[in-house]
A.B. asks: 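Here you go, one structure.
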Amino acid sequence: MPKFTKTTVEETAPTAKEAVLWDTELKGFGLRVKPTGVKSYLIQYRDAQGKSKRVTIGQHGRITCEQARDEAKRQLAKITLGNDPRAERDATRLAPTLSQLCSDYLTAAEAGTMITRRGKSKSSSTLMIDRGRIKNHIEPILGKKLARDLKAADVRVLLAAVTLGKTATSGPSGKLRGRIDVDGGKGTAKKAVNLLSAILAYGVETGTITDNVARGVRLPKDGVRKVADPEGMLRALGCALALAEANGENSAAIAALRLALLTGMRKGEVTDLKWSEVDFSNDAFRLVDSKTGESIRPISQAARAILRPLYRRHDGQFVFASNRAPTAPYGGLPNAVQRIKKAMYLDEETRRAISDFSLHIVRHLFGSVANAEGVSEITIGALLGHAKGSVTQKYVSRIDRHLLAQANKVSGALLRLLRQGEPRQPILTDDDPNELVLGYTCDLELSENLIPFWHTKKTG
């Protein structure tokens, strides 16, 4: 066939079998003609190993003959310089998207091969959070992009989108009466980018990509949670908790929230607490899987007063078990906190005082009161289970007496503040105007028979 032109190409008739014709002017530039009449431009060449390869340039009609010739010249010139367009195209076709890389990362983490900075594999609770961040934030924004083509600008797009709440959503979880609420904001965005950086680092280690473009992207600074009036908030919480219990709030939620307030334990450390981790004989919580790994914390007398009655009644592994599934931990604490904060029976002053309260603030309240009581920062860190706390060592058998005394001191101060806010008059419930709910007191004496201060006695 002579030199390809618009006329010669369009006059070429299809045959019963696919035919490939070659341009007489540009060696390696061809035209594939299918029996259906579809015509496509291509190039044929040999790679560095001498293997013959073909690469399609485009279909006639979508590109002109001259456009195809110019592209053929460009591709053949690259081949002369040592490039292999077919290999590049195959690599692009086989290159994983970010969603696929995320899936590989989770598979490796589930197999226990992802080692955290503490030298351990990721816990099941951390993996569950990672899955949620990937599904709800990373994949909707960047999931379809090829992992190898990601740029720092793409990471900044993710950061901005999550910060502005573009990935926030709310709806049923698929479980009975369950809902999923996905929030945005600076904190969520920062955590999503940090996870993306870990995923890309995994991709670099496995040779899937060559660079972690998330590293070096400027992230918002951690906001310091400050409570203007910690003591006022604790008094208001004491009032709200007493009224919530009198009005039939879930008893597990009330007890779990009070334990968190009096110990400074994280939400998951409280809700997932197992009886096997409660060592009454040595005054110690022996947490197997806290945020900082294995952790040992003191059990103060105030905490013991909460736990002892529950222990006498327990018939499962979790201190706070789900009502619907006793073999599972109680998962309704966040929703209970919202109910307690927004209850209609609260006066405006109390509701305003606890409007900013959340489970994330519990540790800050604990630390503020401990500091006001003159407890040193190192001791506060030990009481809260910080990674560098002196009681997070694996082989501690019994809590140091000084540390236990400090735990009793801080929890006692917290307890007094909570009790100061409790209504001094009998609480009249909404359900029955004739039923009074009276609260017992709780003295912080070294006694196994302390009556929990939230315990109620109903009289007709």
A.B. asks: Quiz question: by atom type and distance under 3.5 Å, do the side chains of Ser99 and Thr97 form a donor-acceptor pair?
C.D. replies: no
A.B. asks: Heavy atoms only: give me the nearest Lys274-Val319 pair and the separation to one decimal.
C.D. replies: C-CG2, 4.0 Å
A.B. asks: Taking C-beta and beyond as the side chain, do Leu404 and Pro298 meet within less than 4.5 Å on heavy atoms?
C.D. replies: yes
A.B. asks: Quick one: are Leu98 and Leu200 in side-chain contact, heavy atoms under 4.5 Å?
C.D. replies: yes
A.B. asks: Out of curiosity, Leu195 CG to Asp130 CG, how far, rounded to the nearest 0.5 Å?
C.D. replies: 4.5 Å
A.B. asks: If the plane angle is over 60° it's perpendicular, under 30° parallel, otherwise tilted; pick one for Phe280 and Trp275.
C.D. replies: tilted
A.B. asks: What I'd like to find out is whether the side chain of Leu310 reaches to under 4.5 Å of the side chain of Phe320, using heavy atoms alone.
C.D. replies: yes
A.B. asks: Using modelled atom types only, decide if a donor and an acceptor are shared between the side chain of Thr107 and the backbone of Ser103 within a distance under 3.5 Å.
C.D. replies: yes
A.B. asks: For a 4.5 angstrom cut-off between non-hydrogen side-chain atoms, does Ile340 reach Leu257?
C.D. replies: yes
A.B. asks: Donor-acceptor pair, Gln317 side chain versus Ser276 backbone, under 3.5 Å?
C.D. replies: no
A.B. asks: Taking the side chain as everything from C-beta on, heavy atoms only, tell me whether Leu237 gets closer than 4.5 Å to Leu365.
C.D. replies: yes
A.B. asks: Before accepting this row, confirm whether a basic side-chain N of the pair Glu349/Arg235 lies closer than 4.0 Å to the acidic partner's carboxylate O.
C.D. replies: no
A.B. asks: Search all heavy atoms of Gln75 against all heavy atoms of Pro85 and return the closest pair with its distance.
C.D. replies: OE1-CB, 3.4 Å
A.B. asks: Taking all non-hydrogen atoms of both residues into account, name the closest pair between His360 and His364 and its distance.
C.D. replies: O-CD2, 3.2 Å
A.B. asks: Which heavy-atom pair separates Gly184 from Ala168 by the least distance, and what is that distance?
C.D. replies: N-CB, 4.1 Å
A.B. asks: On a heavy-atom basis, which atom in Thr208 and which in Pro96 lie closest, and how many Å separate them?
C.D. replies: CG2-CG, 3.4 Å
A.B. asks: Less than 4.5 Å apart, any side-chain heavy atom of Leu414 and any of Leu262?
C.D. replies: yes
A.B. asks: So do the side chains of Ile199 and Ile138 get within less than 4.5 Å of each other, counting heavy atoms only?
C.D. replies: yes
A.B. asks: Is there a donor-acceptor pair under 3.5 Å between the side chain of Lys186 and the backbone N or O of Thr163?
C.D. replies: no
A.B. asks: Does Asp154 reach the main-chain N or O of Lys151 with its side chain, forming a donor-acceptor pair under 3.5 Å?
C.D. replies: yes
A.B. asks: Can you name the closest pair of heavy atoms from Arg351 and Leu346 and give their distance?
C.D. replies: NH2-O, 3.1 Å
A.B. asks: Can you tell me how far CG of Leu415 sits from CD of Gln301, rounded to the nearest 0.5 angstrom?
C.D. replies: 11.5 Å
A.B. asks: Taking the side chain as every heavy atom from C-beta outward, state whether Asp211 and Val204 have any pair of such atoms under 4.5 Å apart.
C.D. replies: no
